[in-house]
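Remarks on the structure that follows.
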Amino acid sequence: GTRDEDRAFEGIGRLAVELVGDGGQQPVLRRDHVVAGVQQSKTAGPVGRFHHARLEAGFKTSFVKTDNDARFYNMSSGTPEDDVNKTNHFYYDENINAAYINASKQLKKWTLQAGLRMENTNTKGTQVIDNSSVKRNYVSLFPTAFASYTINDKNSLTLSASRRLQRPNYQDLNPFTFFLDSLSYR
């Protein structure tokens with residue numbers, strides 16, 4: 001079989017500093033600094049045949065580390081003073097290990113395919129401000145099935161079913177209330 005390897009590291013950084021009003025009562029300086037690093041490795045390819053079906057298998061592992069440091073400063077005195085009720089510092093570490101196997105077979109006008117992916121997810125989120133953390137470790141299974149019937153050269157009927165997962169954005173994992181101003185937050 002063939003073997004493809006992909007290794008990538010991506011660093012993402014953002015620093016935003018702005019002077020915002022706090023509902024007309026006092027000026028607030030907001031400093032939002034986010035750094036995220038992603039590293040992944042994967043290997044996949046055909047592994048052989050079983051009862052005239054083509055078998056493929058592979059694995060992928062990824063590591064994510066984020067550092068979200070949002071600081072608010074009260075500017076009413078003219079000098080920035082930490083606003084501890086709005087300031088937040090959050091670390092998030094994630095490791096996902098996935099393995100899959102897939103079988104496909106051609107039967108005259110039919111193409112059949114079935115597969116299973118298993119993911120082991122390990123996460124830890126830490127709030128620096130109160131030194132609290134949440135760890136999650138779990139295993140999930142994601143089956144897929146696909147059947148296609150070729151009617152003619154231009155038409156076919158296809159039926160597929162799969163279990164999928166929509167992961168949140170990393171900034172959405174921070175449980176702290178992020179104040180946009182005195183009347184708005186997210």
Just so I know, are the side chains of Gln127 and Asn88 near enough to count as touching, which here means a heavy-atom distance under 4.5 Å?
yes
What closest approach, in Å, do [X] and [Y] show between heavy atoms, and which atom pair accounts for it?
X: Gln113; Y: Asn102; result: NE2-ND2, 3.0 Å
X: His52; Y: Arg49; result: O-NH2, 3.9 Å
X: Trp110; Y: Ala147; result: CZ3-CB, 4.4 Å
X: Asp67; Y: His89; result: OD1-NE2, 2.6 Å

With sequence neighbours excluded, what pairs up with Thr61 under the side-chain contact (heavy atoms from CB on, under 4.5 Å) test?
Ser41, Phe63, Asn95, Asn97
Would you say Asp130 and Ser132 are linked by a side-chain donor-acceptor pair, where the criterion is simply a distance under 3.5 Å?
yes
Could you measure the distance from the [atom1] atom of [X] to the [atom2] atom of [Y]? Nearest 0.5 Å is fine.
X: Ser133; Y: Phe90; atom1: OG; atom2: CZ; answer: 10.0 Å
X: Asp93; Y: Lys65; atom1: CG; atom2: NZ; answer: 3.5 Å
X: Arg117; Y: Arg163; atom1: CZ; atom2: CZ; answer: 9.0 Å
X: Ile151; Y: Lys109; atom1: CD1; atom2: NZ; answer: 8.5 Å

Who passes side chain to side chain donor-acceptor pair (under 3.5 Å) against Asn155, sequence neighbours left out?
Asn152
Count I, L, V, M, F, W, Y as connected when their side-chain heavy atoms are under 4.5 Å apart, and connections chain through other members. Are Leu116 and Met118 then in the same cluster?
yes
Please answer: with hydrophobic residues joined when any side-chain heavy atoms are less than 4.5 Å apart, are Leu112 and Tyr149 in the same cluster?
yes
Exceeds 12 heavy-atom contacts within 6.0 angstrom, atom CZ of Arg167
yes
Name every donor-acceptor pair, under 3.5 Å, that has one atom in a side chain of residues 137-146 and the other anywhere in the protein, sequence neighbours excluded.
| unit_1 | atom_1 | unit_2 | atom_2 | d |
| --- | --- | --- | --- | --- |
| Thr144 | OG1 | Gly115 | N | 3.4 |

